[in-house]
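Take this structure first; my questions come after.
Values below: all heavy atoms of this structure, side chains included; hydrogens, waters and symmetry mates excluded.
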Amino acid sequence: QVQLVESGGGEVQSGGSLTLSCTPSGPLRNFDVVGWYRQTPGTQLDLVVITNHQGVTRYGESMEGRFTISLDDAANTFYLQMNNLKPEDTAVYYCNVKQWADTSWGQGTQVTVSA
């Protein structure tokens, strides 16, 4: 039902930074939870970070301190700022929104971190 367009992926050297963006077709204020997940080849999706409009945030293991989520209601966009990237962070990153029983996913954007 909800379409999410994400962008900002690319290649960066170890220790560098990237910021991903996600713009859903519906208003951000209508979603209960928004966030980011990632997937490496042959693995299931892993949590990066999720949050709500009250700022309650849940991080995946080893994510807190390097990854930050932010919301911009005026632009109807939320972001994932990634700092101090490591080769182990190489993955396809997916944005996600939840509303009641509905879950929607972005198309995915590749992040590659080289040594």
Side-chain angles (χ1 to χ4, degrees):
Q1 183 180 17
V2 177
Q3 289 77 52
L4 295 85
V5 178
E6 60 179 288
S7 62
E11 185 173 352
V12 64
Q13 290 185 331
S14 181
S17 300
L18 284 174
T19 299
L20 309 181
S21 64
C22 182
T23 301
S25 59
L28 268 181
R29 62 181 179 273
N30 289 358
F31 302 117
D32 301 310
V33 180
V34 305
W36 298 86
Y37 296 76
R38 70 184 188 186
Q39 184 176 33
T40 56
T43 70
Q44 66 181 33
L45 290 174
D46 293 322
L47 171 68
V48 177
V49 60
I50 55 176
T51 192
N52 62 19
H53 290 288
Q54 288 70 49
V56 179
T57 304
R58 177 186 176 189
Y59 293 91
E61 185 174 343
S62 301
M63 302 299 175
E64 189 169 6
R66 299 195 302 120
F67 295 83
T68 304
I69 188 170
S70 61
L71 283 71
D72 185 341
D73 288 330
N76 203 53
T77 300
F78 62 98
Y79 305 90
L80 178 67
Q81 182 180 344
M82 303 182 290
N83 298 319
N84 192 26
L85 286 164
K86 307 174 182 179
E88 308 91 88
D89 296 319
T90 295
V92 178
Y93 285 72
Y94 296 89
C95 59
N96 170 268
V97 300
K98 301 182 187 298
Q99 182 180 24
W100 300 335
D102 297 324
T103 300
S104 300
W105 296 90
Q107 80 279 10
T109 185
Q110 176 72 46
V111 172
T112 302
V113 184
S114 59

Exercise. Do you reckon Leu85 sits in the same ILVMFWY cluster as Tyr79, going by side-chain contacts under 4.5 Å, direct or chained?
Worked result: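 No, Leu85 and Tyr79 fall in different hydrophobic clusters.
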
Problem set entry | Shortest non-hydrogen separation from Arg38 to Asp89 and the atoms involved |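 Scanning both residues, the minimum pair turns out to be NH1-OD1, 2.9 Å.
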
Exercise. Nearest heavy-atom pair of Val49 and Leu47: which atoms, and what distance?
Worked result: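 Where Val49 meets Leu47 most closely, the heavy atoms are N-CD1, 3.7 Å.
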
Problem set entry | Asn83 side-chain N/O to Ser17 backbone N/O, donor-acceptor pair under 3.5 Å |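 Between the backbone of Ser17 and the side chain of Asn83 there is no qualifying donor-acceptor contact (under 3.5 Å).
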
Exercise. Does the side chain to side chain contact (heavy atoms under 4.5 Å, CB included) test come out yes or no for Asp73 and His53, once each step is laid out?
Worked result: CA-CA 10 Å; Asp73 288 330; His53 290 288; 4.1 Å; yes

Problem set entry | Residues which pass ring-ring contact (aromatic ring centres under 6.0 Å, His included) with Phe78, listed by chain and number, not counting sequence neighbours |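 Scan of Phe78 (ring-ring contact (aromatic ring centres under 6.0 Å, His included), adjacent residues dropped) gives Trp36.
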
Problem set entry | Side-chain donor/acceptor of Thr51 to backbone N/O of Val56, under 3.5 Å |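 Side chain of Thr51 to backbone of Val56: a pair is present.
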
For this session: Spell out, as yes or no, whether a donor-acceptor pair under 3.5 Å connects the side chain of Gln99 to the backbone of Asn30.
Result: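 Indeed, once roles are kept as given, a pair shorter than 3.5 Å links the two residues.
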
Problem set entry | Nearest atoms (heavy-atom pairs only) where Ala91 meets Gln110 |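 Nearest heavy atoms, Ala91 then Gln110: O-NE2, 3.4 Å.
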
For this session: For the pair Tyr93 and Phe67, name the ring-plane relationship: parallel under 30°, tilted 30 to 60°, perpendicular over 60°.
Result: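 If you compare the ring of Tyr93 with that of Phe67, the planes turn out parallel.
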
Problem set entry | Short side-chain to backbone donor-acceptor contact, Asn96 and Ser104, under 3.5 Å |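 Side chain of Asn96 to backbone of Ser104, a donor-acceptor pair under 3.5 Å: yes, one is there.
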
Problem set entry | Close side-chain approach of Ser70 to Gln81, heavy-atom, < 4.5 Å |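 A side-chain contact under 4.5 Å is absent here.
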
Problem set entry | Worked verdict on Leu4 versus Trp105 for side chain to side chain contact (heavy atoms under 4.5 Å, CB included) | CA-CA 6 Å; Leu4 295 85; Trp105 296 90; 5.8 Å; no

Problem set entry | Full working for side chain to side chain contact (heavy atoms under 4.5 Å, CB included) between Asp32 and Asn52 | CA-CA 6 Å; Asp32 301 310; Asn52 62 19; over 6 Å; no

For this session: Decide whether Leu80 and Val111 are clustered together by the hydrophobic rule: side chain heavy atoms of Ile, Leu, Val, Met, Phe, Trp, Tyr closer than 4.5 Å, transitively.
Result: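 Same cluster: Leu80 reaches Val111 through Ile, Leu, Val, Met, Phe, Trp or Tyr contacts under 4.5 Å.
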
Exercise. What is the minimum heavy-atom distance between Ser14 and Pro87, and which atoms define it?
Worked result: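 Here Ser14 and Pro87 meet closest at OG-CD, 3.8 Å.
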
Problem set entry | Transitive ILVMFWY side-chain link Met82 to Tyr94, under 4.5 Å |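 The answer is no; the residues belong to distinct hydrophobic clusters.
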
Problem set entry | Side chains of Thr90 and Thr112, donor plus acceptor under 3.5 Å |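 No.
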
Exercise. If two hydrophobic side chains count as joined below 4.5 Å and joins carry through other members, does Leu71 share a cluster with Ile50?
Worked result: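 Each belongs to a different hydrophobic cluster.
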
Problem set entry | Closest non-hydrogen atom pair, Ala74 against Asp72 |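 The answer is N-OD1, 3.1 Å.
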
Problem set entry | Asn76 side-chain N/O to Thr23 backbone N/O, donor-acceptor pair under 3.5 Å |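 Not a single qualifying donor-acceptor pair exists.
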
Problem set entry | Contact summary for Ile69 and Gly35, nearest pair of heavy atoms |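 For Ile69 versus Gly35, the nearest heavy atoms are CD1-CA, 3.7 Å.
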
Exercise. Quick check: does any side chain N or O of Glu6 sit under 3.5 Å from a backbone N or O of Gly108, one acting as donor and the other as acceptor?
Worked result: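 It does hold such a pair.
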
Exercise. Would Arg58 and Val33 satisfy side chain to side chain contact (heavy atoms under 4.5 Å, CB included), going step by step from the backbone distance to the final call?
Worked result: CA-CA 10 Å; Arg58 177 186 176 189; Val33 180; over 6 Å; no

Exercise. Under a 4.5 Å side-chain heavy-atom rule over Ile, Leu, Val, Met, Phe, Trp and Tyr, are Met63 and Val92 clustered together?
Worked result: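 Cluster IDs for Met63 and Val92 differ.
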
Problem set entry | From Cys22 atom SG to Gln107 atom CD, the distance as rounded to the nearest 0.5 Å |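 It comes to 8.0 Å.
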
